[in-house]
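Below is one structure; the comments refer to it alone.
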2 protein chains.
Amino acid sequence: MAKFDPSLDTLFTALAEPTRRDILARLARGPASVTELHAGHAMALPSFLDHVRKLEAAGLIATRKEGRRRICEMKGEALTPAVHWLEEQRGLWQGRLDRFDDYVLNLMKERDNGPRS
Amino acid sequence: MAKFDPSLDTLFTALAEPTRRDILARLARGPASVTELHAGHAMALPSFLDHVRKLEAAGLIATRKEGRRRICEMKGEALTPAVHWLEEQRGLWQGRLDRFDDYVLNLMKERDNGPRS
DNA sequence: GGATTACTTAGCTGCATGGCTAAGTTTGAT
DNA sequence: ATCAAACTTAGCCATGCAGCTAAGTAATCC
């Protein structure tokens, strides 16, 4: 369905950088050009552009050329595989804890009731 | 409150590796020793251990020595900062889309009603 | 048309990461 | 006491990543 879907590797790697997370956080509020995004970052523009490119490669943003400016905007859907994976692991983990709770609860009930036979 | 809380950098970096995600997914089902975790991974044990160590450094797992074995278990809470960050960005992004919807809806209503004055 | 803006390309550097082998060390089994 | 299992340490290597400067190109502005 999606044109391409970058791996969790690519996704998490893209999110592992403060600069890139900043960019994303800014774009969550709305589109911006590269120079606008760059403002406030103490970093040479080419280095900064690399980060933008990596976000694009990860499918987290899309960019288009408008005159001499490159406009970037966020693709929020791209986050879902990451969220899903996280929720899944958390679910399994919680499930285990709950089952452990049940187990302990049963032990306690057994003790209160005393041995039956 | 937490003993230490690793940065989002550390967290997302730890999640950016398939081997490490595998380990985590396995541990979500319950504790295991290093050798148990290692089984099925075509990789030398020392290399594998490095991954375990990185997960531990990220606070995603805890390990303790039991005799000659090292037992690992998942610390599911450690995932929450990552989940929170993701949800926050998604929220902002969705919010923007919704406001845009409202805007379009208003335009349409204006058109249907016709200009008032 | 010439200057300025906004990237873009190219090429370099230092350091971190992910992998390996070989050689310990500690603990458990016999 | 010896042997095997389960790590653990040490040291090496190739690649990738984040940063830089310098120089180029394309669109606007004056």
Side-chain angles (χ1 to χ4, degrees), chain A residues 6-27 30-74 78 82, chain B residues 4 6-27 30-74 78 82 85:
Chain A
S7 61
L8 288 175
D9 280 35
T10 320
L11 218 44
F12 281 126
T13 305
L15 296 172
E17 273 284 337
T19 309
R20 290 194 291 258
R21 283 197 307 275
D22 275 1
I23 297 178
L24 222 54
R26 163 67 188 76
L27 290 180
S33 77
V34 171
T35 313
E36 278 160 15
L37 291 171
H38 179 228
H41 289 270
M43 182 186 301
L45 189 60
S47 319
F48 187 80
L49 231 201
D50 279 351
H51 288 302
V52 174
R53 292 256 169 74
K54 255 162 214 166
L55 285 171
E56 193 172 14
L60 285 165
I61 70 173
T63 81
R64 70 199 122 86
K65 207 81 204 230
E66 264 185 24
R68 60 184 163 180
R69 308 193 315 146
R70 177 171 296 279
I71 307 296
C72 314
E73 57 183 313
M74 185 171 173
Chain B
F4 62 97
S7 62
L8 287 175
D9 280 35
T10 320
L11 217 44
F12 281 126
T13 306
L15 296 172
E17 272 283 336
T19 308
R20 291 194 290 260
R21 284 197 306 276
D22 275 2
I23 297 178
L24 222 55
R26 164 66 187 75
L27 289 179
S33 77
V34 171
T35 314
E36 277 161 14
L37 291 172
H38 179 229
H41 289 269
M43 181 185 301
L45 189 60
S47 318
F48 188 79
L49 232 201
D50 279 349
H51 288 302
V52 174
R53 292 255 168 76
K54 255 161 214 165
L55 286 172
E56 193 172 14
L60 286 165
I61 70 173
T63 80
R64 68 196 124 88
K65 206 83 201 217
E66 266 185 22
R68 62 184 161 178
R69 308 193 315 146
R70 177 171 295 278
I71 306 296
C72 313
E73 58 183 312
M74 185 170 173
W85 189 88

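Every chain is numbered from 1, with letters handed out A, B, ... down the list of sequences. In this text the structure is predicted, and so the values were computed from the model without any measurement.
- Within the structure, a side-chain polar atom (N or O) of S33(A) is placed less than 4.0 Å from OP1 or OP2 of dC7(C).
- With rounding to whole Å, L49(A) atom CG is found 14 Å from dA10(C) atom C1'.
- Regarding L55(B), its CG atom lies at a distance of 14 Å from the C1' atom of dT17(C), rounded to whole Å.
- Rounded to an integer number of Å, the gap from NE2 of H38(A) to P of dA6(C) is 12 Å.
- One finds the CD1 atom of I23(B) at 8.0 Å from the SG atom of C72(B) (value rounded to the nearest 0.5 Å).
- Contacts classified as salt bridge (charged side-chain N to carboxylate O under 4.0 Å, His left out) and involving residues 30-47 of chain A (residues at least two apart or in different chains) are given here: E36(A)-R69(A).
- Phosphate proximity of dT26(C) to K65(B): absent, as no side-chain N or O sits under 4.0 Å from OP1 or OP2.
- Under the side-chain hydrogen bond (donor to acceptor under 3.5 Å, both in side chains) criterion, R26(A) pairs with no residue at all, not counting sequence neighbours.
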Can you give each donor-acceptor pair under 3.5 Å made by side-chain atoms of residues 37-54 of chain B, sequence neighbours left out, with the distance rounded to 0.1 Å?
residue	atom	partner	partner atom	Å
H38(B)	NE2	M43(B)	O	2.5
H51(B)	ND1	R20(B)	NH1	3.1

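- One finds a side-chain N or O of R53(A) lying less than 4.0 angstrom from the OP1 or OP2 phosphate oxygen of dT9(C).
- In this structure D22(A) satisfies the side-chain hydrogen bond (donor to acceptor under 3.5 Å, both in side chains) test with no other residue, sequence neighbours excluded.
- When the P atom of dG18(C) is taken as reference, atom CD1 of I23(B) falls 11 Å away, rounded to whole Å.
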Under 3.5 Å, side-chain donor or acceptor atoms of residues 10-18 of chain B against the rest of the protein: list the pairs with distances, not counting sequence neighbours.
residue	atom	partner	partner atom	Å
T10(B)	OG1	S7(B)	OG	2.7
T13(B)	OG1	D9(B)	O	2.5

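- In this structure, I71(A) atom CD1 and dC7(C) atom C1' are separated by 12 Å, rounded to whole Å.
- Distance R64(A) CZ to dA6(C) P: 17 Å, rounded to the nearest Å.
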Inset, instruction - Mark up nucleotides 16-26 of chain D, 5' to 3', with B wherever a protein heavy atom is under 4.0 angstrom from a base atom, S wherever such an atom reaches only the sugar-phosphate, and - elsewhere. - result: -SSSBBB----

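- Between the C1' atom of dT28(D) and the CZ atom of R70(A) lies a distance of 18 Å, rounded to the nearest Å.
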